[in-house]
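Proteins come first, then strands; the chains are lettered A, B, ... in the order of their sequence lines, and each starts at number 1.
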Amino acid sequence: MADYTELNQEQQAAVHHTDGPLLILAGAGSGKTRAITYRIAWLIEEMGISPYQIMAITFTNKAADEMRQRVDALVPFGGDQVWIATFHSTCVRILRRHIELLGYDRNFTIYDTDDQKSLIKECYKALQIDPKNIPERAAMNEISNAKNEFLTAEDYCRENQDDFRKSRIGEIYREYQKRLRANNALDFDDLLFRAVELFQFHPEILEQYQERFRYIMVDEYQDTNRIQFLFVRMIAGKYRNLCVVGDDDQSIYRFRGADIRNILDFEKVFSDAAVIKLEQNYRSTGNILNAANEVITNNRGRKAKRLWTENAEGQKIRYREFESEYDEAEGIARELKAMNARGIPYEDCAILYRTNAQSRVLEEKLLLYNIPYRIFGGVNFYQRKEVKDLLCYLKVIDNGRDDLAVRRIVNVPKRGIGMTSIERAAQYTQEQGGNLLDALFEAEQVPGLKRAEAKIRGFTDLILEFRARAAESSLSELFEDILEKTGYRKELEQEQTEEALARLGNLDELLNKIVDYEEHADEPDLSGLLEEIALVADIDNLEENRSCVVLMTLHSAKGLEFPHVFLSGMEEGLFPGMMSILAEDSSELEEERRLCYVGITRAQKTLHMSGARRRMVHGESRYSKASRFVEEIPEEYMEYGEQDDRPRARGYAAGSGGTLSGKVSSGKTGYFKKPYQSYAMPLNQAVSIDYAVGDRVKHIKFGQGTVTEIRPGGRDYEVTVDFEKVGVKKMFASFAKLKKM
DNA sequence: CTCCTTTGTCTTTTT
DNA sequence: GACAAAGGAG
């Protein structure tokens with residue numbers, strides 16, 4: 001039973017206000033998630049609401065997972081029945097049931113950004129548009145924005161008739177949608193778009209969901225865009241028990257369509273809305289909070305508020321400036337070592353940065369100093385070539401209409417089916433209708449495919465075989481089957497390079513993920529697996545408990561907190577980024593500032609900021625001065641490094657522009673090229689094993705067995721195990737994740 | 001049809 | 001500097 005007296009007055013007010021629209025303006029660290037979870041508990045325990053009728057929507061999977069955990073901890077019975085999910089997965093679940101009404105198959109595919117780009121390229125080709133005139137990115141952004149505004153291709157064309165460039169983009173949009181539909185695929189934006197469309201055209205279905213979800217909560221409301229707002233407003237339209245929680249100062253996703261008006265105008269749309277402000281911060285020391293307040297006051301477009309805390313002043317904020325990014329990384333690594341020696345565990349520390357690219361150097365130095373770390377984000381595991389290839393096999397087996405996936409794998413591994421053959425089949429598809437895979441199945445009828453027919457047959461036979469297999473075996477067996485029969489595994493094994501080994505490791509990791517899915521899903525099936533993978537940004541928190549420093553971008557740090565935070569790369573031109581400095585409009589700079597505010601307020605006890613005077617960008621040295629955000633913090637809250645690191649004490653950046661960029665000798669130092677790194681085995685984690693020859697061990701897939709040999713090799717161990725079910729297998733300790741029995 | 005070299009673009013950030 | 005896409009040789 002939840003103890004509501006642990007909450008402060010405002011939090012209690014938020015918990016007790018259950019009916020009607022409610023806006024909670026929750027500053028950083030003000031116990032926002034706590035208020036929501038207690039509110040859920042209150043609804044169930046005190047109001048007798050069925051957990052089945054409560055919905056909580058978040059933006060990221062991380063946030064959803066965390067809320068799930070906290071609700072489960074707080075509500076012993078029925079908590080697991082509360083619908084807690086991201087916008088996107090909520091929509092997918094709805095669409096899986098009803099999308100046939102909109103003319104799609106239920107087993108539609110979800111396209112990620114890479115897929116989108118490939119499809120856009122096809123549109124360019126079909127429409128004979130030169131990407132030099134309109135960069136693909138621009139078109140993609142424009143289309144995405146249109147979708148976020150709930151504009152169809154027709155709407156978009158109509159609105160932009162007079163603008164030549166935009167009407168071209170309109171054509172692309174139209175073609176793009178046509179192809180998505182032909183492929184039975186939806187992109188991320190479509191998930192929201194189609195769900196709203198479904199509700200619009202089928203009010204009877206909307207009503208089902210209105211009846212079901214009588215109490216709705218939306219977290220990080222400041223990051224919602226137009227279509228998400230429409231979605232929420234529709235579902236909450238009948239009972240109007242809508243509680244949104246947000247902080248306009250933490251709105252950092254405007255670039256992807258987040259509409260700050262959603263929070264600023266909430267009271268206009270829901271005129272009877274109650275507003276509760278949470279302004280007491282429980283997270284940070286006085287100094288950190290003051291610094292954050294000082295920085296954010298420089299923004300003009302915001303609701304007035306000032307966070308306060310009863311916490312002690314704490315240590316001052318450390319700022320240190322280094323010669324280069326390597327020095328900076330080394331400085332951070334040394335500091336971490338020193339802190340660790342003082343008894344601060346590594347998992348209490350986080351290094352945050354503006355762009356993913358900055359993580360490389362940091363990684364390198366942490367490696368050098370033997371500091372264990374974990375990186376969030378970056379190159380998505382599921383975007384790796386080998387992983388994507390195998391996923392495309394699964395996609396084709398599941399949804400044969402996905403031409404993009406067919407194209408990708410038809411010649412992987414090499415089967416001697418080249419571009420010309422594929423283009424001929426595509427041509428035939430254009431003329432006859434149907435999909436690429438159909439054309440391949442009818443290769444003998446397709447003009448110009450005679451020579452390749454036998455090879456194509458080899459591919460289509462495989463697909464048939466896999467489909468048969470999919471019908472009778474488990475997903476992991478199917479996966480193994482693909483790996484074997486296509487010769488994919490063999491090809492990598494024969495390569496005998498470290499990179500190929502890492503790729504094999506990643507495929508093992510994918511297999512683990514599949515097994516994991518099979519064990520946890522209610523009714524595991526191929527569509528479900530692919531959906532989960534499409535919507536999960538990454539395999540996060542697979543193993544949380546290891547003591548590691550965490551590295552991530554400021555964006556992914558939102559919603560998290562750490563005792564000790566390092567903000568790296570505090571330089572003009574990097575953070576705030578060049579684009580935002582040069583922009584006419586100050587709003588871009590304000591978004592960067594909010595991002596900085598988010599970064600500062602992640603810290604509980606100490607905050608370290610650092611920057612480099614010289615940094616390699618695009619292969620050339622760039623000089624920059626300290627970030628204006630550092631200078632916006634009054635000196636009284638700051639403490640500078642051993643040399644005089646006061647930002648203003650610097651005379652070298654005399655220019656007015658802030659960033660002097662020139663081709664200064666690139667000063668190539670002997671830094672080693674980072675080897676292709678496997679996700680499954682971060683290189684710095686010395687592999688330790690707790691089993692020996694003769695021990696009984698358990699493997700996630702192969703089951704139980706006995707260790708017969710352990711051979712040290714490189715930075716890993718090659719372990720031979722005799723499994724009861726599958727016989728003798730050799731594997732690398734770091735991939736195999738063997739558990740001693 | 002495949003492999004290799006060259007060229008160009010990129011740095012925001014996530015589902 | 002890193003990676004993908006395009007172009008050219010075998």
Exercise. So, is A/Thr553 close to the B/dT14 phosphate, meaning a side-chain N or O under 4.0 Å from OP1 or OP2?
Worked result: yes
Exercise. Where do A/Val218 and A/Phe87 come nearest, in terms of heavy atoms and distance?
Worked result: CG1-CZ, 4.1 Å
Problem set entry | P atoms of C/dA4 and B/dT13, separation to the nearest Å | 15 Å
Exercise. When all nucleic acid strands are considered with a 4.0 Å heavy-atom cut-off, which category describes A/Arg615: base, sugar-phosphate, or nothing?
Worked result: nothing
Exercise. NA contact type, A/Phe575, heavy-atom cut-off 4.0 Å: base, sugar-phosphate, or nothing?
Worked result: nothing
Seminar exercise, completed: Here the distance between atom C1' of B/dT13 and atom CZ of A/Arg593, to the nearest Å, is 18 Å
Exercise. Out of C/dC3, B/dT15, B/dT14, which nucleotide sits closest to the side chain of A/Tyr253?
Worked result: B/dT14
Exercise. Under the 6.0 Å and 45° cation-pi test, does A/Arg96 pair with A/Phe108?
Worked result: yes
Exercise. So what does A/Gly577 hit on the nucleic acid, given a heavy-atom distance under 4.0 Å: a base, only sugar-phosphate, or nothing?
Worked result: nothing
Problem set entry | Whole-Å distance separating the CZ atom of A/Arg254 from the C1' atom of B/dT13 | 13 Å
For this session: Without swapping roles, check the side chain of A/Ser144 against the backbone of A/Met140 for a donor-acceptor pair under 3.5 Å.
Result: no
For this session: Rounded off to whole Å, could you give me the CD-to-P distance for the A/Glu136 and C/dA6 pair?
Result: 8 Å
Problem set entry | Proximity to the side chain of A/Arg137 - top-ranked nucleotide from B/dT15, B/dT13, B/dC10 | B/dC10
Problem set entry | Interatomic distance where CG belongs to A/Leu186 and P belongs to B/dT15 [whole Å] | 18 Å
Problem set entry | Position toward the 5' end of DNA chain B (nearest nucleotide), A/Phe255 or A/Pro135 | A/Pro135
Exercise. Within the side chain of A/Thr90, is there an N or O that forms a donor-acceptor pair under 3.5 Å with the backbone of A/Thr86?
Worked result: yes
Exercise. Counting side-chain heavy atoms from CB outward, which of B/dT13, C/dA5, C/dA4 is closest to A/Lys121?
Worked result: C/dA5
Exercise. Expressed in angstrom and rounded to an integer, what is the separation of A/Arg622 atom CZ from B/dT11 atom P?
Worked result: 13 Å
For this session: Name the closest nucleotide to the A/His555 side chain, picking from C/dA2, B/dT13, B/dT11.
Result: B/dT13
Exercise. Contact class for A/Asn411 vs. all strands (heavy atom < 4.0 Å): base, sugar-phosphate, or nothing?
Worked result: sugar-phosphate
Exercise. Taking the side chain of A/Lys385 as heavy atoms from C-beta outward, which of C/dA4, B/dT15, B/dT13 is closest to it?
Worked result: C/dA4
Problem set entry | Whole-Å gap separating C1' (B/dT13) and CG (A/Leu589) | 15 Å
Exercise. Is B/dT11 paired to anything, Watson-Crick or G-U wobble with both distances less than 3.5 Å, and if yes, which nucleotide?
Worked result: none
For this session: Would you please confirm or rule out a distance under 4.0 Å between OP1 or OP2 of B/dT13 and any side-chain N or O of A/Ser556?
Result: no
For this session: Indicate the ring-plane relationship of A/His555 and A/Tyr253, choosing parallel, tilted or perpendicular according to the 30° and 60° boundaries.
Result: tilted
Seminar exercise, completed: note: A/Leu95, atom CG; B/dT15, atom C1'; distance rounded to Å ~ 14 Å
For this session: May I ask you to say what A/Phe59 touches in the nucleic acid, namely base, sugar-phosphate or nothing, with a heavy-atom cut-off under 4.0 Å?
Result: sugar-phosphate
Exercise. Contact class for A/Thr60 (heavy atom, under 4.0 Å): base, sugar-phosphate, or nothing?
Worked result: sugar-phosphate
Seminar exercise, completed: Rounded to whole Å, CD of A/Glu220 lies from P of B/dT15 at a distance of 12 Å
For this session: Using a heavy-atom cut-off of under 4.0 Å over every strand shown, decide if A/Glu591 touches base, sugar-phosphate, or nothing.
Result: nothing
Seminar exercise, completed: The answer to which of A/Thr86 and A/Ile417 contacts DNA chain B further toward the 5' end, by nearest nucleotide, is A/Ile417
Problem set entry | Minimum-distance nucleotide (side-chain atoms of A/Arg256 versus B/dT14, B/dT13, B/dT15) | B/dT14
For this session: Output yes when at least one side-chain N/O atom of A/Asn356 is less than 4.0 Å from OP1 or OP2 of B/dT13, else no.
Result: yes
Exercise. Under 6.0 Å from the six-membered ring centre of A/Phe188 and within 45° of its axis: does the NZ or CZ of A/Lys147 meet both?
Worked result: no
For this session: Tell me what A/Ser89 touches on the nucleic acid: a base, only sugar-phosphate, or nothing, going by heavy atoms under 4.0 Å.
Result: nothing
Exercise. Any idea which heavy atoms bring A/Arg194 and A/Leu102 closest together, and the distance?
Worked result: O-CD1, 3.5 Å
Exercise. Of all the choices, B/dT2, B/dT13, B/dT15, which nucleotide is nearest to the side chain of A/Lys414 once you look at every atom?
Worked result: B/dT2
